[in-house]
Amino acid sequence: MKKKLSEEEIILNEKKKEYLKQFQECVRAVRRIEEQIKEIETDEMCPSALCMNGIPVKASFNDKDLSAYIAKKEKLLTDMIRARHNRIAVYQDIFERIERMSDENERMILTLRYIKGLKWEDIACQMSMDWSWVHRLHAKALKNFELPKEAIESNYYIC
């Protein structure tokens, strides 16, 4: 018979999931900044193609306008560098914690789910396992995953 988790165990598992999900959140944060940079670069290359509410606007630009572009782009580049450093730090921490786990299948499930961002069905296919078995192994992996003390004691998130 399956043992029912206590309220404390459920809360701890949720904290572990949130902690593990941070890497994909960092990846999305970097992508958002990269998209903003591309948008600014497009605006810089073709300022006459700028639109207001979807309607092209013919505009004349002066040094003030160009310096505003440069300042905005520099800020976004700084933000992107910071976000990439965060992503790397989160990745290293999560990856090292997963690699310390003793069971290969548990390591594989956590890596595929939280580092690679795969869906449960794709994990089951890649591991040649039944979908329900993957969920059971995931529950076991969460139980065995070691969360940093800071994450246990508070809402510790890097991204």
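Index from 1, following the sequence.
The shortest side-chain heavy-atom distance between Glu74 and Ile70 falls under the 4.5 Å cut-off. Annotation: side chain of Leu110 is in contact with side chain of Leu20 (closest heavy-atom distance under 4.5 Å).
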Item to check | From CA spacing to verdict: salt bridge (Lys or Arg N to Asp or Glu O under 4.0 Å), Arg32, Glu35 | outcome: CA-CA 5 Å; Arg32 280 191 304 273; Glu35 287 170 8; over 6 Å; no

Evaluate the salt bridge (Lys or Arg N to Asp or Glu O under 4.0 Å) criterion for residues Glu14 and Lys17: first the C-alpha distance (whole Å), next the side-chain angles of each, then the deciding distance (0.1 Å), finally the verdict. CA-CA 5 Å; Glu14 288 305 312; Lys17 287 181 203 175; 3.1 Å; yes

Going through the checks in order, is the salt bridge (Lys or Arg N to Asp or Glu O under 4.0 Å) test met by Arg107 and Glu104?
-> CA-CA 5 Å; Arg107 287 195 306 262; Glu104 174 60 29; 2.4 Å; yes

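By the criterion of side-chain heavy atoms lying less than 4.5 angstrom apart, applied directly or through intervening Ile, Leu, Val, Met, Phe, Trp or Tyr residues, Ile115 is grouped together with Val27 in one hydrophobic cluster. In terms of hydrophobic clustering, with Ile, Leu, Val, Met, Phe, Trp and Tyr side chains grouped at heavy-atom distances under 4.5 Å, Ile88 and Ile81 are assigned to different clusters.
From Cys125, atom SG reaches atom CG of Leu118 across 10.5 Å, with rounding to the nearest 0.5 Å. Atom CD of residue Glu106 and atom CG of residue Leu142 lie 9.5 Å apart, to the nearest 0.5 angstrom. The CD atom of Glu25 lies 6.5 Å from the CD atom of Gln22; values are rounded to the nearest 0.5 Å. From Ile37, atom CD1 reaches atom NZ of Lys75 across 10.5 Å, with rounding to the nearest 0.5 Å. Put simply, CD1 on Ile109 and CE on Met129 are 5.5 Å apart, with the number rounded to the nearest 0.5 Å. With values rounded to the nearest 0.5 angstrom, Ile98 atom CD1 is found 4.5 Å from Thr111 atom OG1.
Scanning for ring pair (Phe, Tyr, Trp, His ring centres under 6.0 Å) contacts around Tyr91 gives Phe23, Phe95, with sequence neighbours left out.
Note on residues 112-130: pairs passing side chain to side chain donor-acceptor pair (under 3.5 Å), not counting sequence neighbours, are Tyr114-His138, Asp130-Ser132.
Closest approach of Lys143 and Asn13 over heavy atoms only: N-OD1, 4.3 Å. Here the closest non-hydrogen pair linking Val90 and Cys26 is CG2-SG, 3.8 Å.
The number of heavy atoms from other shown groups lying within 6.0 Å of CD (Glu99) is above 12.
Across Asp79, Val30, Ile33, a single residue satisfies side-chain contact (heavy atoms from CB on, under 4.5 Å) together with Arg84, and that is Val30.
In the hydrophobic clustering, Ile11 connects to no other residue, as no ILVMFWY side-chain heavy atoms lie under 4.5 Å from its own.
Put simply, the side chain of Lys16 never gets that close to the backbone of Leu147: no donor and acceptor are under 3.5 Å apart.
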